[in-house]
Amino acid sequence: MKEQVKVTQYGQGTLAVHAGQAPDPTTGAIMTPIYQTSTYVQRAPGEHMGHEYARVTNPTRTALEGNLAALEGAAHGICFSSGVAGIDAIIKSLRPGDHVLSTNDLYGGTFRLFRKVFEPFGLEFSFIDMRNLDEVSKAIKPNTRMMWLETPTNPLIRVLDLEALSALAKEHNIEVAVDNTFASPYLQQPLSLGADLVLHSSTKYLGGHSDLIGGVVCTNSDDWNEKLRFQIKCAGAVPGPMDCFLNLRGTKTLHIRMQRHCENAKMIADFLDNHSKVGRVYYPGLPQDPGHELASRQMKDFGGMLSFTLAADSVENAMKVLSSTSVFSLAESLGGVESLIGHPASMTHASIPREERVRAGLSDSLIRLSVGIEDINDLINDLDSALMQVS
Ligand SMILES: *Cc1c(COP(=O)(O)O)cnc(C)c1O
């Protein structure tokens with residue numbers, strides 16, 4: 001492809017490989033160069049070739065922004081140094097006194113940012129179960145400016161109805177932001193369901209190789225694009241050109257990675273669902289899962305994240321499983337090619353008191369898997385032998 005790919009013309013796989021990128025005009029290099037520079041020479045003051053200073057723009061970043069925007073079917077993509085930097089920029093565009101209605105099954109770092117950083121600055125947050133539309137309606141206040149949604153959620157893999165929530169928000173002039181990190185744009189495109197903003201931690205599936213930290217916000221609104229670029233210019237939470245290059249390299253295989261993530265996760269969910277040592281499996285791909293019907297409509301497939309409890313529910317038993325796997329690595333994060341295993345009660349959700357955690361559905365033995373793209377037999381055998389360690 002000689003020219004930059006037009007967004008509407010091609011499918012996700014073609015966009016993943018080509019969108020935002022054109023061969024380097026000076027050398028013909030097919031890969032976008034890593035423009036490792038802080039500034040750009042001007043012929044005369046103000047007479048530049050499209051870039052002035054790298055806090056504001058960098059060509060490697062611009063290529064990545066075009067690529068990620070195309071994958072979300074968005075007019076604009078704005079890249080940040082991390083997922084939480086993107087969330088920070090969105091919320092900073094609100095004003096003290098504004099109210100944000102947020103889901104209660106939320107990424108811990110987002111909750112911490114809302115509670116510990118923005119509440120003291122006078123923004124107001126409510127955390128509710130957004131699967132229940134009546135509860136959402138009742139929680140809307142005159143000063144509600146934004147809904148903050150996340151689906152599927154962490155770690156209970158719950159599914160929210162993006163179309164219904166966006167429609168309800170529109171009735172009340174509320175803007176909708178969706179954290180689409182767990183699904184990736186390959187499985188779900190929130191803007192097409194009525195959302196105003198989509199946020200990703202590109203650290204996860206978009207990068208896909210556990211080798212970078214990054215974030216992106218995608219939107220069709222020129223107004224939001226301007227506001228967020230202004231935040232970038234003022235506060236400078238930008239990714240470096242090397243990370244942008246790695247992210248571009250990652251998205252080229254997003255579609256085939258996601259296919260394998262989903263395929264493997266589905267087989268592991270079936271395996272666990274029939275295992276005598278396992279209690280409950282949380283995966284919307286299982287027909288009995290409460291999110292199954294909605295996820296079947298809203299998503300192309302059911303994703304690579306799943307959680308399960310042990311039949312003998314205790315922290316000790318969960319620890320036995322965690323310390324007995326050899327293909328699954330014990331680590332935080334998700335969305336990379338390698339399979340990861342984690343224990344929310346002692347890792348990501350350790351700061352929540354036990355009673356409150358259990359009430360929220362996070363049992364002592366709950367184990368979360370980020371299913372990678374390894375051979376399925378190796379993954380299943382690894383889990384099977386680890387489960388056999390449980391008495
Ligand atoms: C990891 C994560 C984030 C934060 O992203 P960073 O890149 O780590 O800053 C936000 N939301 C979700 C759902 C995540 O998994």
Side-chain angles (χ1 to χ4, degrees), residues 61 64 68 72 77-92 100 102-118 125 127 130 146-160 162 176-188 190 195 197-218 228 231-232 235-240 243-244 246-247 250-251 258 261 265 282 284 299 303-307 331-336 338 340-342 344 347-349 362 368-372:
R61 184 171 10 129
L64 177 62
L68 298 178
E72 278 292 356
I78 305 101
C79 282
F80 291 87
S81 54
S82 69
V84 288
I87 302 171
D88 178 75
I90 292 173
I91 303 298
K92 272 198 290 199
V100 178
S102 168
T103 170
N104 59 2
D105 197 13
L106 191 64
Y107 174 69
T110 308
F111 181 75
R112 182 175 53 208
L113 181 64
F114 289 177
R115 262 280 144 86
K116 299 274 168 75
V117 177
F118 284 112
F125 298 87
F127 301 93
M130 290 191 142
M146 181 172 281
M147 279 190 198
W148 188 272
L149 315 181
E150 194 180 309
T151 179
T153 64
N154 176 33
L156 293 174
I157 328 292
R158 288 175 176 157
V159 187
L160 297 182
L162 293 179
V176 175
V178 178
D179 185 332
N180 202 26
T181 301
F182 268 40
S184 91
Y186 176 75
L187 296 178
Q188 164 177 292
L197 298 161
V198 174
L199 173 284
H200 282 277
S201 165
S202 12
T203 313
K204 317 293 168 54
Y205 286 108
L206 291 177
H209 296 75
S210 309
D211 55 4
L212 64 89
I213 298 279
V216 65
V217 180
C218 296
L228 293 171
Q231 293 281 357
I232 288 265
V238 295
D243 280 355
C244 292
L246 286 170
N247 202 341
T251 53
M258 290 315 296
H261 283 299
Y282 297 86
M299 300 169 73
M305 298 301 298
L306 65 86
S307 294
E332 293 193 7
S333 198
L334 62 113
E338 61 286 296
L340 301 181
I341 189 165
M347 296 166 75
T348 46
H349 295 67
L362 277 73
R368 191 191 81 173
L369 303 179
S370 171
V371 178

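Atoms within a ligand are numbered from 1 in the order they appear, just like the ligands themselves.
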Exercise: identify the closest heavy-atom pair between Met258 and Leu187
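Met258 and Leu187 have their closest heavy atoms at CE-CD1, 3.8 Å.
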Which protein residues have a heavy atom closer than 4.0 Å to any atom of ligand 1, listed by chain and number?
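Under the 4.0 Å cut-off, ligand 1 touches Ser82, Gly83, Val84, Tyr107, Glu150, Asp179, Thr181, Phe182, Ser201, Thr203, Lys204, Gly214, Leu334.
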Within the 3.5 Å criterion, strictly below it, is a donor on Thr110 or Glu150 matched to an acceptor on the partner's side chain?
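Judged by distance alone, the side chains do not pair up.
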Any donor-acceptor pair under 3.5 Å from Ser184 side chain to Tyr205 backbone:
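Side chain of Ser184 to backbone of Tyr205: no pair is present.
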Does NZ or CZ of Lys92 lie under 6.0 Å from the centre of the six-membered ring of Phe80, at an angle within 45° of the ring axis?
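Judged by the rule (NZ or CZ under 6.0 Å from the ring centre, within 45° of its axis), Lys92 is not positioned above Phe80.
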Going through the checks in order, is the side-chain contact (heavy atoms from CB on, under 4.5 Å) test met by Trp148 and Ile87?
CA-CA 10 Å; Trp148 188 272; Ile87 302 171; 3.8 Å; yes
For the residue pair Phe114 and Phe125, does the interplanar ring angle fall in the parallel (under 30°), tilted (30 to 60°) or perpendicular (over 60°) class?
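The arrangement is parallel - the two ring planes meet at less than 30°.
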